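Written below as structure tokens is the structure these notes are about.
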Amino acid sequence: MYNFTEIEQKWQKIWDDNQTFRATDDFTKPKFMALVEFPYPSGQGLHVGHPRSYTALDIVARKKRLDGYNVLYPMGWDAFGLPTENFAIKNKIHPKTVTKNNIANFKRQLKSLGFSFDWSREIDTTDPNYYKWTQWIFLQLFKKGLAYKKEMAVNWCTSCKVVLANEEVVQGACERCGSEVVRKVKSQWMLKITEYAQRLIDDLDEVDYIDRVKAQQKNWIGRSTGAEVDFTTTAGEKLRVYTTRPDTLFGATYMVISPEHPNIEKWADKLENLDEIRAYQIDATKKSDFERTELQKEKTGVELKGVRAINPVNQKEIPIFVSDYVLMSYGTGAIMAVPAHDERDWAFAKAFNLPIIQVVAGGDVETAPYTDVEEGILENSGFLNGLSVAEAKKAIIEYLEKEKLGEAKVNYKLRDWVFSRQRYWGEPIPIVHCEKCGAVALPESELPLLLPEVDSYEPTDNGESPLANMTDWVNTTCPCCGGPAKRETDTMPQWAGSSWYFLRYMDPHNNDALASKEALEYWGPVDWYNGGMEHTTLHLLYSRFWHKFLYDIGVVPTKEPYAKRTSHGMILGENGEKMSKSRGNVVNPDDIVRDYGADTMRLYEMFIGDFEKAAPWSQQGIKGCVRFLERVYALLDMIQETSTGKLEKELHKTIKKVSSDIESLKFNTGIASLMSLLNAIYDNRGLTKEELKIFITLLNPFAPHLTEEMWQLLGFDGMLNQTSWPKYDEAKTVDNECEIVIQLNGKIKEKLVIAANLSKEEIEKAVMETDVVKAMIDGKTIVKVIVVPGKLVNIVVK
RNA sequence: GCGGAUGUGGCGGAAUUGGCAGACGCGCUAGACUUAGGAUCUAGUGAUUUUAUCGUGGGGGUUCAAGUCCCUUCAUCCGCACCA
């Protein structure tokens with residue numbers, strides 16, 4: 001039995017005192033930067049899910065140090081955000097204080113797990129020395145025209161009078177008070193991420209991300225090709241639509257515009273049923289985009305009476321509807337509806353008894369829309385008749401462009417990034433609004449623009465940020481003309497600070513730049529970034545966007561921030577459900593460290609299952625890891641003077657297996673191979689000191705405290721973590737003999753041990769000569785014999 | 001709904017990518033040692049009607065050979081833009 005508490009505290013102190021894991025700024029050494037998503041320091045403290053990712057890359061970082069790299073494995077705090085603010089409001093404590101306390105607790109918890117973070121580079125997004133540079137990046141975006149203001153719909157609680165996050169809206173009602181939530185239009189700061197859409201897709205080819213991450217990024221960006229087409233209307237104004245199926249233009253039997261479409265206002269005096277339309281628009285404000293676009297929901301809408309559209313290819317007059325399934329945020333906010341060949345148009349047409357004209361042959365469009373684009377041939381489509389869908393697309397676009405009726409268009413589902421929050425606990429946006437000059441950038445010399453102290457963090461009655469009430473702070477002078485002006489009172493979203501934090505780790509104390517050129521060139525790009533799948537679309541995309549922008553303005557030397565991205569699965573509660581307070585299945589890492597030790601906790605989280613998949617926690621399962629470590633510790637009493645030689649092959653195989661498993665995230669099988677080796681050592685009744693040295697070195701990244709202690713007790717010099725990773729001899733990992741399975745018609749009949757170096761012919765000969773096989777094939781015709789060296793021989797008979 | 005994934009013993013999971021299904025661990029069973037214990041050690045442990053047959057969510061297919069490839073179907077999980 002080893003005293004894990006004593007050993008772990010001892011080594012944590014030694015590592016701390018010696019700054020053992022500090023990355024050096026010796027830019028001549030080969031470098032390795034390992035990155036994990038920095039946590040949001042919530043009041044609940046560390047979740048057992050955090051150490052899953054942190055342990056994994058800690059293992060990678062520790063192994064890379066043993067491989068001779070100058071390793072940077074940093075940690076920090078993504079500390080701005082809504083929960084802290086809400087907690088502060090409820091408990092009347094300043095968010096700054098809440099954050100400070102939470103960080104202290106998180107840091108204590110992380111230290112107790114023995115991670116090899118370089119704490120000298122700790123960062124905090126709420127530190128003015130940090131957010132100075134977040135604000136600086138925003139100013140550069142603003143100067144390049146990539147930050148702009150736009151009217152956007154927000155969730156508005158009619159009772160609390162605050163803007164709500166989508167998450168705070170539960171089934172159309174406010175999560176806190178249960179009152180109705182409506183969509184309210186507000187002027188918001190936006191960032192033009194759409195300008196980078198194509199590059200965000202293209203450059204995925206240059207990086208090593210796991211496939212599902214790339215797939216989700218691409219799908220989120222949602223590139224589609226099609227055309228924009230102008231329809232004339234009886235009201236005069238043209239109505240422009242975006243369609244991915246311009247080939248079906250002859251099949252358009254009606255049009256649909258979104259409830260927010262500006263033409264409704266333009267046509268107001270011509271619309272005979274304006275009241276009905278207005279009522280529908282109000283209804284639409286109560287729904288989220290998600291609800292509006294659900295395919296299965298019943299289609300609703302109102303026909304615009306008094307204005308009709310004219311199909312540009314056949315001059316047919318068709319009705320225009322307003323319906324919530326068309327979103328203003330995608331395409332042009334208006335569509336041509338081709339019910340014969342689109343699911344949603346078909347459902348709408350059926351609900352409103354609109355004509356369905358088939359223009360692509362195949363399928364029965366009265367019973368279901370025909371959406372196959374591979375096989376169909378155009379019909380009922382004038383000059384397009386007889387063409388395939390692909391040919392028709394090309395032909396119609398040529399026609400539209402020639403006749404100036406429209407043009408080819410690439411569209412992205414990706415929308416610009418809503419960057420304003422009407423909240424206190426975020427980075428102030430460094431903009432001044434002047435009546436004469438408009439929105440003016442704060443001079444860089446005035447950064448950081450500090451978050452002022454306020455008495456109340458509650459949003460104001462009209463939904464403005466709490467900062468709006470601070471007249472002393474708000475009223476300022478225009479940096480441009482010197483006249484009276486007002487500061488922007490919205491703050492930035494939490495995503496801002498986390499979009500560039502990895503760069504700050506490279507040079508965290510720099511006062512003149514977000515990081516020095518030398519540091520950025522040396523450390524960038526991040527060699528390996530691990531995080532949750534839940535950050536695959538937003539955080540990852542936002543930070544890639546900022547990085548590309550910084551590349552464009554010459555701040556960073558690489559196009560992409562992360563060379564490699566992997567993702568871990570969630571750790572679920574014992575009942576297989578997501579851990580949450582309300583479900584009562586939360587496991588506190590502190591309890592595990594106290595009862596079993598940090599090494600056991602680390603080992604268990606790595607052994608729990610496939611790193612990339614979700615896995616339920618098991619209090620029973622931990623015991624296997626405790627036993628393993630205790631049996632390892634007991635090896636100190638099993639030292640042999642001379643080697644039996646029986647462990648050599650197993651040792652070489654294990655070095656190979658553990659080395660490759662760490663690189664490929666297969667920590668569970670790596671540990672399993674160490675367990676097998678330990679079993680072999682016990683079978684051998686001990687091992688030599690040199691053999692034990694290899695064993696504890698392999699285990700060191702997983703269980704750093706125990707192995708460091710054993711290193712010392714064995715009398716080796718210095719610290720284990722500063723030695724080197726063992727090497728294996730490929731020749732010594734290969735078996736001389738192997739077992740061949742003999743199958744008859746694919747069924748296993750017999751096993752045979754033969755030399756491993758036999759050729760196919762020799763194997764077949766050896767197998768066919770055995771008595772069992774002779775008896776087996778007696779009186780049967782051999783159709784063929786399949787020989788897989790090292791594996792099996794399958795005899796096919798009739 | 002859209003997008004991404006997953007489904008293998010009582011449980012967590014292995015399976016060199018088409019070649020012995022169930023490595024490793026938990027649990028369980030029996031035994032040993034015991035001033036008896038939720039400790040340690042040893043052996044066993046997919047199922048069944050046990051010379052064998054069946055078995056990787058269900059159904060179908062390709063192949064000498066399928067957990068792995070194809071078609072189809074069901075179930076579960078993650079994300080969906082102001083939670084982070």
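Numbers restart at 1 for each chain; the letters A, B, ... are given by sequence-line order, proteins then strands. No hydrogens, no waters, no symmetry mates; every other heavy atom, side chains included, goes into these values. Remember, it's a predicted structure, so these values are computed and weren't measured experimentally.
Counting non-hydrogen atoms under 4.0 angstrom, A/W417 reaches nothing in the nucleic acid. A/Q422 comes within 4.0 angstrom of a base, heavy atoms only. Among the heavy atoms of the strands lying under 4.0 Å from A/L414 is at least one base atom, whether or not backbone atoms are also near. Residue A/Q188 is classed as a base contact, given a heavy-atom separation below 4.0 Å to a base. In this structure, A/K413 reaches the bases: a heavy-atom distance under 4.0 Å links it to at least one base atom across the strands shown. Nucleic acid contact for A/S420: base, since at least one base atom lies under 4.0 Å from a heavy atom of the residue.
For the C1' atoms, the distance linking B/C70 with B/U49 amounts to 36 Å, nearest Å. Taking atom P in both B/A23 and B/G12, one finds a spacing of 15 Å when rounded to whole Å. Comparing the same atom, C1', in B/U63 and in B/G13 gives a spacing of 29 Å after rounding to whole Å. Comparing B/G7 with B/G58, their P atoms are spaced 13 Å from each other, to the whole Å. Of the C1' atoms belonging to B/A21 and B/A15, the separation is 7 Å, rounded to the nearest Å. Separation of the P atoms belonging to B/U68 and B/U62 is 15 Å when rounded to the nearest angstrom. Taking atom C1' on both B/C74 and B/G59, the two are 10 Å apart, rounded to the nearest angstrom. Annotation: B/A43 and B/G79 have their P atoms spaced 46 Å apart (nearest Å).
Side-chain N/O atoms of A/S224 and A/Y330 include a donor and acceptor closer than 3.5 Å. A side-chain donor-acceptor contact under 3.5 Å links A/T134 and A/W500.
Separating the CD1 atom of A/I221 from the C1' atom of B/G79 is a distance of 15 Å, rounded to the nearest angstrom. Distance A/Q217 CD to B/C78 P: 20 Å, rounded to the nearest Å.
Taking 90° from 0 as the syn/anti boundary, the base of B/U51 is oriented anti.
Shown here is A/K186, whose NZ atom has more than 12 heavy atoms of other residues, nucleotides or ligands within 6.0 Å.
Summarising the geometry, atom CZ belonging to A/F80 is positioned 11.0 Å from atom OH belonging to A/Y40; distances are rounded to the nearest 0.5 Å.
Phosphate contact (OP1/OP2 of B/A81, side-chain N/O of A/R415, threshold under 4.0 Å): absent.
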For residues 605-614 of chain A, tabulate all N or O donor-acceptor pairs below 3.5 Å that involve a side-chain atom, not counting sequence neighbours.
residue: A/E605; atom: OE1; partner: A/R52; partner atom: N; Å: 3.0
residue: A/D610; atom: OD1; partner: A/E612; partner atom: N; Å: 2.9
residue: A/E612; atom: OE1; partner: A/R212; partner atom: NH2; Å: 3.2

| note | With B for base contact, S for sugar-phosphate-only contact and - for none (protein heavy atoms under 4.0 Å), nucleotides 14-27 of chain B reads SSB--BBS-BBSSS
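For A/Y412, there are no ring-ring contact (aromatic ring centres under 6.0 Å, His included) partners, not counting sequence neighbours.
Taking the six-membered ring for Trp and the full ring otherwise, the centers of A/Y196 and A/W546 sit at least 6.0 Å from each other.
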